[in-house]
Amino acid sequence: MEKTFNPSQIEQALYSSWEEKGYFSPTGEGDGYCIAIPPPNVTGSLHMGHAFQQTIMDTLIRYQRMQGKNTLWQTGTDHAGIATQMVVERKIAAEEDKTRHDYGRDAFIDKIWEWKEESGGNIGEQMRRLGNSIDWSRERFTMDDGMSEAVQEVFVRLFEDDLIYRGKRLVNWDPKLHTAISDLEVENKDKKGHMWHFRYPLADGVKTQDGKDYIVVATTRPETMLGDTGVAVNPEDPRYKDLIGKNILLPLVNRLIPIVGDDHADIEKGTGCVKITPAHDFNDNEVGKRHNLPMINILDKDAAILADAEVYNTNGELSDDYDTTLPSEYAGLDRFKARKAIVSKFEELGLLEEIKDHDLTVPYGDRSGVVIEPLLTDQWYVRVEKLAGPAIKAVEDGEIEFVPKQYENMYFAWMRDIQDWCISRQLWWGHRIPAWYDESGKVYVGRTEDDVRNNHNLDASVVLKQDNDVLDTWFSSALWTFSTLGWPEKTEDLKNFHPTDVLVTGFDIIFFWVARMIMMTMHFNKDENGKAQVPFKKVYVTGLIRDENGDKMSKSKGNVVDPLDMIDGISLEDLLEKRTGNMMQPKLAEKIAKLTRKEYPEGIEAHGTDALRFTLSAVASTGRDISWDMKRLEGYRNFTNKIWNASRYVLMNTEEHDCGKDGGEMQLSLADRWIIGQFQQTVKTVHTAFDTFRFDLAAQALYEFTWNQFCDWYLELTKPVLFKGNEAEQRATRHTLVTVLEALLRLMHPIMPYITETIWQRVVPLTSQQVSIDSIMMQTYPQFDENQLDELAISDLEWVKSFVIAIRNIRGEMDIAPSKPLPVFLKGSSVDDIRRLENNKSFLSALAKLESIEVLHADEQGPASATAVIGDMSVLIPMAGLIDVDAELARLSKAMEKLEKDVQRTRGKLSNENFVSKAPDAVIAKEQEKLADAESMLATLAEQKQTIANL
RNA sequence: GGACGAUUAGCUCAGUUGGGAGAGCAUCGCCCUUACAAGGCGAGGGUCACUGGUUCGAGCCCAGUAUCGUCCA
């Protein structure tokens, strides 16, 4: 074996061999265990967040597989409508200077498919490098034939159940991407802005109470005044309530609009008068409906002012309630330019009362980054209220459990106030809505055009045109757990693997995806008793991986990390190229380059997949974001090397030796019995940790056992046996070495698949394990066995450790070379001490590097010595020629000071009547014991100090 | 404005029936000891954000304050 662990040499070959042998497929035996992956964007690439979640999923899958479950990790990718379309649009713009309209719909979609074929493999390659044990033969894509069929089926059935409708509604319109988006895709940001106060003249000579012929409305959107169809005041407002029912003559358009009384107008806020623009504001839209105010649309798809307005009644039907003419000077003007123009027009007319600074919330599109415009358009909606009920109940009843639990509150809060879901998108890339219109505009929904014709008796002469829109990507994602398993067919897979067991995902898509999955799945899937089936039993919500400074990783910030760079390493030059390569803005590129140079001055070293996975497990504490820390990764890379070298030691001492595989007398040492017990404890801890999704605790237990118990103590303790023991002792120790290591590798395997497999291949032939399949991943997982705990061995070995540590401490403090063998005298030793000493002399001599150990009689004083105390026994190291008197006095004083503090505190506690009368007996006994120990130790040290001081 | 979370060693973070403040990294000292210098051995370092309460006993429970973060409106 190499002296240093070199992951790059083993990883890919191992993965291919696992994949070829079909180890990732369900075995068909045992209970089903299934995880559906949150499908990444097909044209994207994995970031650290994916690596994090996938490590957790793979760990669970490997753990369950080794527990004998019939495991399936269902994978696939998402077509990601807007995101993918944007990528390809940008690509053709950059490479061919074309827009999608130059291509036309069909050609453009072909282009995207082409791009998907080209780049779609990227994600799969990355996922393989992470070691994910995925059955690739079942990989799905949200737009493949089967899934498209499922989407159609769901749409049609929902429509038939009256859970989908079409209507002219106010939607969040993205003026850059020219599509509607759902509430969730809108990001509200706080901005500093202005509040304009406009004078609106009263019609028909009406005057206010204080004799004015106008009222003042306050608005943050002056340009929308062209679409005003009313002014609202609070019906309780004494200043204005007399004006309710009177009219305003709207400036610039000379439109006569009513003053209405509505609670929406807040007496305290602004001027108390609010202009109502039902076609361009969600609140105003509600007010308009309540008071039957027409809706006047004044904006086009680019959010520029129209030449002629569109007037609708509250049902969304065209109406002639108002003249459609708009002032020509604003026609074609962008909304923000129009704002300026209209404000100055009001000023010119003497109608601008004042401008106030104002903090407001502005909606932005999460993809385009432009201000979202509420716009009246025809869209398709899912009526979610009926679907939400069972979905809420499933979580309330514990059929679905969130981990950590606090996310359930977030889920409930949103679900209980859920709005209808706008599912149509004015894009080309996606599932085209299965609806057709005849020439009169009548809509027919069906699986295909033929279906529609047949069902509605439309003959060939009727011209039908399919709806141009596609469905929100999340519509197909919502079907993910069951559509990937073959729905709407009643498949074996559905029977075996649905509901799935765990969903591992980020909190940021609980609303987008998790909630909608629950609703859709429960509506379409019933078990044999007709009970609604949930998509998954548990939702494990991970935190976000942030960068070193705690900032969110994003492409525009340039702080995104490719997990493969952590695995394989990358030079600074390549990293810079990767991060700033095709940036649109050179200025941003400069900034990113600077940051990158600072963070990774030497680029990134290779760490290997196992180290990355172990790190991700170790930081996976729940309910909290994670700041990425390279130091952690380095530390765990070192850990993999430690495992490698420990194994190297084991193999060097066991291969081609008798390890007791074929019988023969075995005499287990104290260390052997101890490490077996320690390992069992670790097995127990790891099981509990995995079963409760505490991957951090599992990693910690594995790390602690491997490094601090197995390597630091056990391997050292095997040396005296292997070098000097008799045949039966050596055989026993070799046997213990290989069996514990072999089991430890299995225990670690779910987190670190590669290194464990590599070493396991060499270790397992040395053990008496009967292996029918030649891979660690197909073996059984270690189970806790209480019978292997040897309490006496544990306490005896603790005594050995204290002894060794005491000597090492004196060595360290007194600067005595580790290579210098020391004579030791023991004073005040008990029968137990003597027994332990006699049984473990070789251990003590080897680990503490002792020249001799001599037990003093009760009346013997011994030489002037540095002293350590173990229980009631003193360990003496003669000072002659080695230790300075003053130094030893100082060391003793320090030790005594610490003890005195302990003694004082404990005494205080025990002399407190309340404590003694109320605390449990066990606690009191413990305190008493602690006090006795400290006092006796203190006395011993004091005596020793006196002796030395007298020299 | 509402809800949730965070505040523990220089840094990143554990600490789940309330009963001796922990890990990794960093720091300091010694050591190339036949698995490992990506290492070994030893050491130092904390008014557990603040205030009050419950309790014999609070990092942990309760109330409030401050700062930061996230979601919702």
Side-chain angles (χ1 to χ4, degrees), chain A residues 1-6 183-184 187-188 283 361 404 406-414 417 507-508 510-511 543-544 546 548 550 552 605 607-608 611 615 618-653 688 692 694 696-697 699-700 703-704 707-708 710-712 715-716 718-719 722-723 737 804-805 807-820 846-849 891 894 902 905-906 908-910 912-920 922-924 926-927 929-930 934:
Chain A
M1 276 171 100
E2 301 269 335
K3 207 170 163 181
T4 307
F5 173 50
N6 189 346
D183 298 345
L184 289 173
E187 281 177 5
N188 292 303
N283 286 317
T361 313
Q406 75 225 30
Y407 287 105
E408 287 179 8
N409 291 328
M410 201 166 132
Y411 172 81
F412 287 137
W414 189 70
D417 185 34
F507 70 94
D508 50 331
I510 288 183
F511 305 144
L544 226 57
R546 296 169 173 278
E548 251 109 316
K552 210 168 158 174
E605 261 185 79
H607 297 86
T615 307
V619 298
S621 58
T622 46
R624 178 171 185 152
D625 285 352
I626 292 144
S627 299
W628 180 249
D629 183 359
M630 277 313 275
K631 291 286 164 50
R632 262 329 250 282
L633 180 62
E634 273 165 40
Y636 293 126
R637 189 266 320 259
N638 295 353
F639 179 54
T640 57
N641 194 48
K642 189 76 177 176
I643 296 168
W644 185 257
N645 276 291
S647 306
R648 206 157 71 92
Y649 168 81
V650 173
L651 291 171
M652 279 166 64
N653 287 289
T688 311
T692 54
R694 289 303 304 266
D696 55 334
L697 298 183
Q700 196 190 344
Y703 185 97
E704 209 276 336
W707 202 312
N708 304 120
F710 190 70
C711 291
D712 286 350
L715 293 189
E716 294 306 318
T718 61
K719 288 176 186 174
L722 296 179
F723 297 162
L737 276 170
V804 171
I805 288 169
I807 307 277
R808 283 174 179 173
N809 177 290
I810 291 173
R811 263 189 208 278
E813 295 275 298
M814 295 299 140
D815 271 354
I816 301 169
S819 51
K820 168 95 186 152
L847 269 70
K849 189 97 183 166
R891 196 184 66 88
K894 203 174 79 185
D902 281 354
R905 203 175 39 206
T906 317
K909 240 184 193 178
L910 286 167
N912 181 341
E913 176 118 6
N914 277 325
F915 175 72
V916 180
S917 62
K918 290 185 180 167
V923 173
I924 296 173
K926 210 166 145 192
E927 290 294 321
E929 197 188 322
K930 210 163 78 184

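Every chain is numbered from 1 and lettered A, B, ... according to where its sequence line falls, protein lines coming before strand lines.
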With a 4.0 Å cutoff (strictly under), does any side-chain N or O of [X] reach OP1 or OP2 of [N]?
X        : N      : result
A:Lys894 : B:rA43 : no
A:Ser627 : B:rC13 : yes
A:Arg648 : B:rC36 : yes
A:Asn912 : B:rG57 : no

**Request:** Report, as a single string ordered 5' to 3', how protein heavy atoms within less than 4.0 Å touch nucleotides 68-73 of chain B: B base, S sugar-phosphate only, - not at all.
**Result:** --S---

**Request:** For nucleotides 15-31 of chain B, just jot down a letter per nucleotide in 5' to 3' order: B, S or -, based on protein non-hydrogen atoms under 4.0 Å.
**Result:** SB--B----SS---S--

**Prompt:** Given Watson-Crick or G-U pairs with both distances under 3.5 Å, what dot-bracket string fits RNA chain B, with | for other-strand pairs and [ ] for crossing?
**Reply:** ((((((((.[[[[.)...(..]]]].(((((.......))))).....[[[[[..)....]]]]]))))))).

**Request:** Please state whether the base of B:rA35 and the side chain of A:Glu716 form at least one donor-acceptor pair under 3.5 Å?
**Result:** yes

**Message:** Regarding B:rC36, can its base be found pairing with the side chain of A:Lys3 as donor and acceptor, where the two atoms are less than 3.5 Å apart?
**Reply:** no

**Prompt:** Starting at CG of A:Asn409 and ending at C1' of B:rG5, how long is that distance when rounded to a whole Å?
**Reply:** 12 Å

**Request:** With sequence neighbours excluded, tell me which residues meet side-chain contact (heavy atoms from CB on, under 4.5 Å) with A:Asp417.
**Result:** A:Gln419

**Asked** Can you name the side-chain hydrogen bond (donor to acceptor under 3.5 Å, both in side chains) partners of A:Tyr407, sequence neighbours left out?
**Response** none

**Contact list for residues 635-645 of chain A, test salt bridge (charged side-chain N to carboxylate O under 4.0 Å, His left out), sequence neighbours left out** = A:Glu605-A:Arg637

